[in-house]
Amino acid sequence: MIPKLHYISQGDSPKEHLENIQKACSSGAELVQLRLNTVSEKKYLKIANEAREITSHFQTRLILTNNYKIAKEVKADGVHLENTDFCATTALEHLFTWQIVGGTANTLQDCETLISKKVDYISLRPFRSAETKEESPTVLGLHGFTAIVEALKTETPIIGAGGITTDDVISILETGVSGIAVSEEITKNFDCIKEFNQLLSASSIDEQRHTF
């Protein structure tokens, strides 16, 4: 079962990423993604181990961005592949069977490719444009989410991402996505995790359809 709320770590330094992961865990986050792309592999391993200690203490799931070898080494709960340089099939073969693999998608074709590679969930983005992104893929919005989810008709959980706020949650759930990934809005105020969780549980009716 993939949690409905994913917190993607932010920070100006590795230390800040870890502090923010700690705050997210203590505020009730079920899953955090360590998104740290500009450090050496040795440093990344150290940070990932520290993040694993924090999340284990809170029984929060930990996903690492892209680095599936370190995800296996630190026994993280899984890996999130942000770009096509990392093949989901290779990651799945490398990881333990209990570890999950997610991938980022922007188009219907991206989603179909990830599903064919048997990923555990898809992060569909961006919901709205983010100024921090150097390359800007097509902004999907509610119409884009709806069109892709309806065309896919998949059991693979689709997690909406990209500039999402608490005000967006209800209408995003109506598109058929399973949950959301949030970075900036949570980093600004970790107390909003509680509100996100309350809003997301409104979709528990959908889950009951799949339990036999």
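Along the sequence shown, the residues carry numbers beginning at 1.
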- Query: Can you check whether I115 reaches I122 side chain to side chain, under 4.5 Å on heavy atoms?
  - Reply: yes
- Query: Are side-chain heavy atoms of S123 and H80 found at a separation under 4.5 Å?
  - Reply: yes
- Message: For a 4.5 angstrom cut-off between non-hydrogen side-chain atoms, does L34 reach R52?
- Response: no
- Message: Taking the basic N atoms (NZ, or NE/NH1/NH2) and the acidic carboxylate oxygens, is any pair closer than 4.0 Å for K15 and E19?
- Response: yes
- Query: Under a 4.5 Å cut-off applied to non-hydrogen side-chain atoms, are K46 and V39 in contact?
  - Reply: no
- State, with a plain yes or no, whether a side-chain heavy atom of L64 is found less than 4.5 Å away from one of Y44. yes
- Query: Any Lys/Arg nitrogen of E73 or K69 sitting under 4.0 Å from an Asp/Glu carboxylate oxygen of the other?
  - Reply: no
- Message: Is it the case that the side chain of N66 and the backbone of E82 share a donor-acceptor pair, with hydrogens and angles ignored and the cut-off at 3.5 Å?
- Response: yes
- Item | T65 versus Q33, side-chain donor and acceptor atoms under 3.5 Å | yes
- Look only at the side chain of S56 and the backbone of E53, and say whether a donor-acceptor pair between them is shorter than 3.5 Å. no
- Item | Flag, side chain of N189 to backbone of I186, donor-acceptor distance under 3.5 Å | no
- Minimum side-chain heavy-atom gap L18-Q22 below 4.5 Å: no
- Assess the side chains of D110 and T113: does a donor N or O sit below 3.5 Å from an acceptor N or O? no
- Message: Over 60° means perpendicular and under 30° means parallel, so tell me whether Y121 and H6 are parallel, tilted or perpendicular.
- Response: perpendicular
- Give, for atom CG of L114 and atom OG1 of T154, the distance between the pair rounded to the nearest 0.5 Å. 10.5 Å
- Message: On a heavy-atom basis, which atom in C111 and which in L152 lie closest, and how many Å separate them?
- Response: CB-CD1, 3.6 Å
- Is the backbone N or O of K72 less than 3.5 Å from a side-chain atom of K75, with the two atoms forming a donor-acceptor pair by type? no
- Item | Atom of I159, atom of I180 and distance for their closest heavy-atom approach | CG2-C, 3.4 Å
- Task: Please round to the nearest 0.5 Å and tell me the distance separating atom CZ of F196 and atom CG of D191.
- Result: 12.5 Å
- Query: Which pair of heavy atoms, one from K43 and one from P14, lies closest together, and at what distance?
  - Reply: CE-CG, 4.1 Å
- What is the distance from atom CG of L199 to atom OG1 of T166, rounded to the nearest 0.5 Å? 6.5 Å
- Message: How close do E16 and G11 get, counting heavy atoms only, and between which atoms?
- Response: OE2-CA, 3.5 Å
- Message: Using 0.5 Å steps for rounding, measure from the CD1 atom of I2 to the CG atom of L31.
- Response: 8.0 Å
- Item | Under 3.5 Å donor-acceptor, D120 side chain and G102 backbone | no
- Query: So, do L142 and F127 sit near enough that their side-chain heavy atoms are less than 4.5 Å apart?
  - Reply: yes
Per-pair distances, 0.1 Å, donor-acceptor, side chain in residues 88-99, under 3.5 Å, sequence neighbours excluded:
from: Q99; atom 1: OE1; to: F96; atom 2: N; distance (Å): 2.9
from: Q99; atom 1: NE2; to: A71; atom 2: O; distance (Å): 2.9
from: Q99; atom 1: NE2; to: A76; atom 2: O; distance (Å): 2.8

- Note on the structure: So CZ of R35 and CD1 of I63: to nearest 0.5 Å the spacing works out to 14.5 Å
- Looking only at atom types and distance, does a side-chain atom of N106 sit under 3.5 Å from a main-chain N or O of T138, one as donor and one as acceptor? yes
- Message: Working to the nearest 0.5 angstrom, can you tell me the gap between H17 NE2 and T187 OG1?
- Response: 9.0 Å
- Would you confirm whether N20, through its side chain, and S9, through its main-chain N or O, come within 3.5 Å as a donor-acceptor pair? no
- Item | Residue pair G28 / N197: nearest heavy atoms and the distance that separates them | O-ND2, 3.4 Å
- Task: For A181 and I164, work out which heavy atoms get closest and say how close.
- Result: O-CD1, 4.4 Å
- Message: Can a donor-acceptor pair be found, under 3.5 Å and without considering hydrogens, that links the side chain of T60 to the backbone of A29?
- Response: yes
- Task: Check each of K188, E185, E184 against T165 using the side chain to side chain contact (heavy atoms under 4.5 Å, CB included) test, and report the only one that passes.
- Result: E185
- Can you find a heavy atom in the side chain of P3 that is under 4.5 Å from one in the side chain of R61? yes
